[in-house]
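Here's the structure, in structure tokens; my notes come after.
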2 protein chains.
Amino acid sequence: MTTPKSTGNTSCHTHCTHGHSHDSARAPGEPRDLRDHLRRESLRVTGPRQAILAVLQEHPHPLTNKEIFAALRPGQCDLATVYRSLHLLEDMGLVTRFDFGDGVARFEIIRGDARGHHHHLVCTSCATIVELEDCLAREWEERITRDSGFKEVTHKLEFFGLCPTCQDAKPGTRRQPQKRATRRRGPSISV
Amino acid sequence: MTTPKSTGNTSCHTHCTHGHSHDSARAPGEPRDLRDHLRRESLRVTGPRQAILAVLQEHPHPLTNKEIFAALRPGQCDLATVYRSLHLLEDMGLVTRFDFGDGVARFEIIRGDARGHHHHLVCTSCATIVELEDCLAREWEERITRDSGFKEVTHKLEFFGLCPTCQDAKPGTRRQPQKRATRRRGPSISV
DNA sequence: CCACATTTGCAAACGGTTTGCGTCTGAGCT
DNA sequence: AGCTCAGACGCAAACCGTTTGCAAATGTGG
């Protein structure tokens, strides 16, 4: 259950092609911001919500609901509340949902410091996650908007590969035709 | 269950920036190809497998397991067999799995005629799907491979938006804070 | 036509996620 | 401070896509 494997390290920000302004002009994910957002919609500032956001703030990588739940003090709140709170935080725009195609949602806090919309590089073997700087597909959104007639065009883009560590521990040739190991969720991510 | 909604129309191939060679030099998804692949690995050419591949060949858009199952003659095969066969076809490289982030896998046959790796534009309201020509992110894979130390880098990229039809039938402002409609799977795709 | 490994159908299990409902609580008001 | 009540929470059950165990059915090479 609580496999801590999925949170990797390896900070490999591929590029840094923008000013990287270090002024912290109200980061969206800050505690104050949570209060403001909730007040504005006459919702309650509760312990679970603050605790969950705090966990997200301490972790620089996408976390699953269970991982967030595990990072909370035992008995601090129910798993169902974690799910509900993350929907709320997502709707309020404080948190981004990521989908690595393994059927588990992951969440990351939205930081003010130029760490907004971005993508990930995920190891298909150990699920180590590398954050990629900035977005790559904005201009395509525009082109597609023009050509398709769609509106409010957004995108999801994630990269997958074998991380340096897993390249060594390679278990021979992969892709046996049938008869492979179980397909039930493991630490790895099938692409 | 069998909502046929998710298969849209609207063929809007955004560009066509390559020779579009019309020679059908052995398309991967053809029946003959299925036989070859199976024989090569001493697997059986069964009715269900041929039928499933045939359904995929008739449909130009990604289909879910259930949609494929529904397109088969009643009693032709079990839903579990559909799941198993699609894993097989995917492993053999005859079919591509797509993930639109709604927790349901979709499959599309791999055609030989320059319709290999490509992406989609999905309406977040009615789930209409538009096929986008070719791939846009190949060069990024190379760059990321260089910069990260990962190997065998691949990617998943899908676009989402409001299709022309759904732009009109817009139900006022969206994004109510809490208390929105059910989150259980519907025809639409939440991004 | 046989023998046997591969597949299938069926039903049950699985795991992430959502929800119904009764109880609890944050926060505005007095 | 105390009241009040809409909004949150905890708990457990439901949902739903997917996977799998097992016995019976079937494709294939010899």
Side-chain angles (χ1 to χ4, degrees), chain A residues 1-3 6 34-35 38-52 63-70 72 74-91 97 99-107 176-187 190, chain B residues 1-3 6 34-35 38-52 63-70 72 74-90 97 99-107 176-186 190:
Chain A
M1 282 299 121
T2 51
T3 59
S6 53
L34 175 62
R35 301 191 93 82
L38 290 173
R39 285 258 173 72
R40 198 171 307 135
E41 319 208 37
S42 62
L43 301 176
R44 308 275 162 81
V45 182
T46 68
R49 288 173 182 175
Q50 295 176 96
I52 289 167
L63 294 181
T64 67
N65 284 282
K66 281 195 168 173
E67 289 169 339
I68 295 170
F69 178 64
L72 295 169
Q76 172 133 26
C77 92
D78 191 75
L79 180 57
T81 300
V82 175
Y83 277 96
R84 281 192 275 233
S85 296
L86 282 166
H87 273 299
L88 181 68
L89 294 174
E90 186 189 8
D91 289 345
R97 172 188 302 257
D99 168 31
F100 294 159
D102 61 346
V104 199
R106 286 175 173 79
F107 299 90
Q176 295 99 313
Q178 189 107 277
K179 194 140 283 180
R180 88 173 60 44
T182 179
R183 271 184 219 281
R184 292 262 162 80
R185 327 242 194 243
S190 63
Chain B
M1 283 293 127
T2 51
T3 58
S6 53
L34 175 63
R35 302 192 93 81
L38 290 173
R39 285 258 170 72
R40 198 171 308 135
E41 320 209 34
S42 63
L43 300 176
R44 309 278 161 80
V45 182
T46 67
R49 287 173 183 176
Q50 295 176 96
I52 288 166
L63 294 181
T64 66
N65 283 283
K66 281 197 168 170
E67 288 169 339
I68 294 169
F69 178 65
L72 295 168
Q76 171 133 25
C77 92
D78 190 76
L79 179 57
T81 300
V82 175
Y83 277 96
R84 283 190 276 233
S85 297
L86 282 166
H87 273 298
L88 181 68
L89 294 173
E90 185 189 8
R97 172 188 302 259
D99 169 31
F100 294 161
D102 62 346
V104 199
R106 287 175 172 79
F107 299 89
Q176 296 99 312
Q178 189 106 279
K179 193 143 283 181
R180 86 173 61 45
T182 179
R183 271 183 217 282
R184 292 262 162 80
R185 329 246 193 238
S190 62

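We name chains A, B, ... by the order of the sequence lines, and we start the count at 1 in each one.
Judged by atom type and distance alone, A:Arg44 reaches the base of D:dA6 through a side-chain donor-acceptor pair under 3.5 Å. Taking 3.5 Å as the limit, the base of C:dG28 and the side chain of A:Arg39 contain no donor-acceptor pair of atoms between them.
Nearest to the side chain of A:Thr81, among C:dT18, D:dC9, C:dT8, sits D:dC9. Here C:dT19 is the nucleotide among C:dA27, C:dG9, C:dT19 with the atom lying nearest to any side-chain atom of B:Thr182. Nearest to the side chain of A:Ala105, among C:dG20, C:dT17, D:dG21, sits C:dT17. Minimum atom distance to the side chain of A:Val104 is reached by C:dG16, of the listed D:dT20, C:dT19, C:dG16. The listed nucleotides are C:dT17, D:dA12, C:dT8; the one nearest the side chain of A:Ala80 is D:dA12. Closest approach to the B:Arg49 side chain among C:dG9, C:dT19, C:dT7 is made by C:dT7 (side chain taken as heavy atoms from C-beta onward).
Of the two residues near DNA chain D, A:Gly75 and B:Val45, the one whose nearest nucleotide lies more 5' is A:Gly75. Nearest-nucleotide assignment on DNA chain D puts the 5′-proximal partner with A:Thr46, out of A:Thr46 and B:Tyr83.
Whole-Å rounding puts the B:Glu67 CD to D:dC16 C1' distance at 15 Å. The interatomic distance linking A:Glu41 (CD) with D:dA6 (P) rounds to 19 Å, in whole Å. Nucleotide C:dA13 holds its C1' atom 17 Å from the CZ atom of A:Arg183, rounded to whole Å. Rounded to an integer number of Å, the gap from CZ of A:Arg40 to P of C:dA27 is 15 Å. As a whole-Å value, the separation of A:Phe69 CZ from C:dG15 C1' is 15 Å. The CG-P distance, from A:Asp102 to D:dT18, rounds to 13 Å in whole Å. D:dG27 atom P lies 15 Å from atom CG of B:Leu43, rounded to whole Å. If you measure from atom CG of A:Leu88 to atom C1' of D:dC9, you get 13 Å, rounded to the nearest angstrom.
B:Arg49 places no side-chain N or O within donor-acceptor distance of the main-chain N or O of B:Arg35, the cut-off being under 3.5 Å. Looking at A:Glu67, its side chain does come within 3.5 Å of a backbone N or O of A:Thr64 through a donor-acceptor pair.
To the nearest 0.5 Å, the span separating CZ on B:Phe69 from OG1 on B:Thr81 amounts to 9.0 Å. Residue B:Leu63 holds its CG atom at 10.0 Å from CZ of B:Phe107, rounded to the nearest 0.5 Å. Note: B:His87 NE2 to B:Asn65 CG = 7.5 Å, rounded to the nearest 0.5 Å.
Dashed line: the shortest gap from a side-chain N or O of B:His87 to OP1 or OP2 of D:dT19 is under 4.0 Å. Within the 4.0 Å cut-off from OP1 or OP2 of D:dG17, not a single side-chain nitrogen or oxygen of B:Asn65 is found.
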